[in-house]
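Report on the following structure.
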Amino acid sequence: MKNLIDLPHFGDDRGSLVAIESMDTIPFEVKRIYYIFDTKKDVARGFHAHKNLSQFVICVKGQCDFVLDDGERKVIYNLNSAKEGLLIEGVYWREMHNFSEDCVLMVLASEHYNEIDYIKDYQEFLATVRKTKDGKWQ
Ligand code: T46
């Protein structure tokens with residue numbers, strides 16, 4: 001599975017630093033950054049897909065399970081390292097579960113926020129993915 005990318009990191013006796021560069025570490029220009037925190041252990045998030053959005057998801061602290069569903073199969077990624085990120089390109093249903101209470105999930109996105117880009121109905125997602133064929137595992 002190519003969705004998980006190891007990030008270049010620089011560590012010394014002062015600590016660690018990770019650098020992410022658009023069109024280099026990740027294959028898109030970043031237009032938006034958001035992060036999810038103060039999560040609750042048994043509260044899930046997501047449950048939608050996007051029509052036209054690339055995202056790169058890094059769990060900079062704590063951990064959570066990030067589910068990607070291409071309409072045929074689901075893969076659960078346990079994100080627990082600031083040194084790797086999950087690349088999402090194409091139409092995938094996504095869910096986030098099992099957040100640790102200290103989880104900080106940072107997302108770099110290729111587009112500005114647009115409510116219209118969301119597909120919140122699973123049947124509509126399946127119809128869309130069948131039409132576009134974008135949501136293929138690599
Ligand atoms: C995604 C997963 C991984 C904004 O106003 N601007 C933003 O850029 C975002 C992302 C959200 N919002 C507002 C919209 C809602 O009122 O923040 C509120 C919470 O968003 P939402 O319920 O969509 O959060 P999640 O965690 O279910 O999903 C988010 C992203 O929305 C989504 O694109 O892929 O994280």
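Read the numbers this way: they start at 1 and go in the same order the structure lists the ligands and their atoms.
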Subject >> Whether Lys40 side chain and Asp38 backbone form a donor-acceptor pair below 3.5 Å >> reply: yes
For [atom], which protein heavy atom lies nearest, and how many Å away is it?
atom: atom 34 (O) of ligand 1; value: Gln55 NE2, 2.7 Å
atom: atom 27 (O) of ligand 1; value: Gly46 N, 2.9 Å
atom: atom 30 (C) of ligand 1; value: Tyr34 OH, 3.3 Å
atom: atom 7 (C) of ligand 1; value: Tyr113 CD1, 3.3 Å

Subject >> Closest non-hydrogen atom pair between Trp93 and Ile119, with its separation >> reply: CZ3-O, 3.5 Å
**OP:** Please step through side-chain contact (heavy atoms from CB on, under 4.5 Å) for the pair Leu86 and Leu68, ending with a clear verdict.
**Re:** CA-CA 10 Å; Leu86 181 65; Leu68 285 184; 4.2 Å; yes
List ligand 1 atoms under 4.0 Å from [X], heavy atoms only on the residue side.
X: Ile36; value: 26 (O), 35 (O)
X: Arg32; value: 7 (C), 8 (O), 9 (C), 10 (C)
X: Met96; value: 2 (C), 3 (C), 26 (O), 35 (O)

Subject >> ligand 1 versus Phe47: contacting region, heavy-atom distance under 4.0 Å >> reply: neither
Original post:
Can a donor-acceptor pair be found between the side chains of His97 and Asp65 at a distance below 3.5 Å?
Top reply: no
**OP:** Scan side-chain atoms only and decide if Glu111 and Asn52 contain a donor-acceptor pair under the 3.5 Å cut-off.
**Re:** no
Original post:
Judged by non-hydrogen atoms, does His112 sit under 4.0 Å from ligand 1?
Top reply: no
**OP:** Could you tell me if any non-hydrogen atom of Glu115 lies under 4.0 Å from any atom of ligand 1?
**Re:** no
Subject >> Shortest reach to atom 28 (O) of ligand 1 by a heavy atom, considering only His50, Arg45, His48, Lys120 >> reply: His48
Original post:
Parallel, tilted or perpendicular for Tyr122 and Phe125, by the 30°/60° rule?
Top reply: tilted
Subject >> Criterion side-chain contact (heavy atoms from CB on, under 4.5 Å) on Asp70 and Val129, from CA distance to verdict >> reply: CA-CA 7 Å; Asp70 71 353; Val129 88; 5.5 Å; no
Subject >> Sub-4.0 Å protein heavy atom next to atom 16 (O) of ligand 1 >> reply: no
Original post:
Is atom 32 (C) of ligand 1 close to the protein, meaning a heavy atom under 4.0 Å from it?
Top reply: yes
Original post:
Taking C-beta and beyond as the side chain, do Pro27 and Leu87 meet within less than 4.5 Å on heavy atoms?
Top reply: yes
**OP:** Walk me through it: do Gln55 and Tyr92 pass the test side-chain hydrogen bond (donor to acceptor under 3.5 Å, both in side chains)?
**Re:** CA-CA 11 Å; Gln55 295 200 113; Tyr92 292 94; over 6 Å; no
